[in-house]
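Hydrogens, waters and symmetry mates play no part in the numbers below; they use all other heavy atoms, side chains included. The structure presented is a predicted model; accordingly, all values stated were derived computationally and were not measured.
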Amino acid sequence: MRTSKEIGERIKKRRRELRMSQEKLAEKLGVTYQQVQRYEKGTNKLNAEKLQQIAEILLVPLSYFFSDLPEGTILEEQTAYLPADEGMLLNYFRRIKSEEIKQVVLKVAELASEGKV
């Protein structure tokens with residue numbers, strides 16, 4: 001069983017992999033960024049519902065926070081937890097080598113999600 005601190009470290013690590021700010025995660029969760037900080041530090045415990053929300057936002061299965069994966073490992077089979085279109089999009093995105101192009105794709109996706117394109 002993982003401690004709140006270990007789960008928080010996994011949340012922080014994955015959030016950073018996605019280049020997502022604490023503010024953005026907080027907005028999607030409907031909490032303050034200070035609350036996200038407390039989750040990541042393990043100061044505040046997460047209930048199952050909130051942890052499930054975080055897993056969905058961070059595009060990982062709930063088991064990601066509890067399994068003993070080697071550091072930096074995101075399994076390809078995790079796309080099985082996503083709807084087909086989202087899984088395909090994630091697989092295409094992972095193949096992009098250029099960090100500049102990845103940033104452009106992320107910005108377009110962000111703007112599209114906000115109805116600005």
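- Nearest approach of L18 to I57, heavy atoms of both residues: CD1-O, 4.4 Å.
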Table please: side-chain donor-acceptor pairs of residues 107-117 below 3.5 Å, with sequence neighbours left out.
from : atom 1 : to   : atom 2 : distance (Å)
S113 : OG     : E110 : O      : 2.7
E114 : OE1    : K116 : NZ     : 3.3
E114 : OE2    : K24  : NZ     : 3.4

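- There is no path of hydrophobic side-chain contacts, each under 4.5 Å, that joins Y39 to Y33.
- Considering only heavy atoms from C-beta on, E17 stays 4.5 Å or farther from L58 through its side chain.
- Within the 4.5 Å cutoff, the side chain of L25 has heavy atoms near those of the I11 side chain.
- With rounding to the nearest 0.5 angstrom, the CD atom of Q35 is 9.5 Å from the OG1 atom of T43.
- With hydrophobic clusters built from ILVMFWY side chains whose heavy atoms lie under 4.5 angstrom apart, I7 shares a cluster with V31.
- Partners of R19 by side chain to side chain donor-acceptor pair (under 3.5 Å), not counting sequence neighbours, listed by chain and number: E99.
- Counting only residues at least two apart or on different chains, the salt bridge (Lys or Arg N to Asp or Glu O under 4.0 Å) pairs with a member in residues 36-53 are R15-E40.
- With sequence neighbours left out, I96 forms a side-chain contact (heavy atoms from CB on, under 4.5 Å) with F93, I101, K102, V105.
- Remark: Q37 pairs with Q22 by the side chain to side chain donor-acceptor pair (under 3.5 Å) rule, at least two apart or across chains.
- For Q52, the side chain to side chain donor-acceptor pair (under 3.5 Å) partners at least two apart in sequence or on another chain are E56.
- R10 places no side-chain N or O within 3.5 Å of a backbone atom of F65 that could act as its donor or acceptor partner.
- Note on M20: it does not cluster hydrophobically with L106, by side-chain heavy-atom contacts below 4.5 Å among ILVMFWY residues.
- Between Y64 and I54 the shortest side-chain heavy-atom distance does not fall below 4.5 Å.
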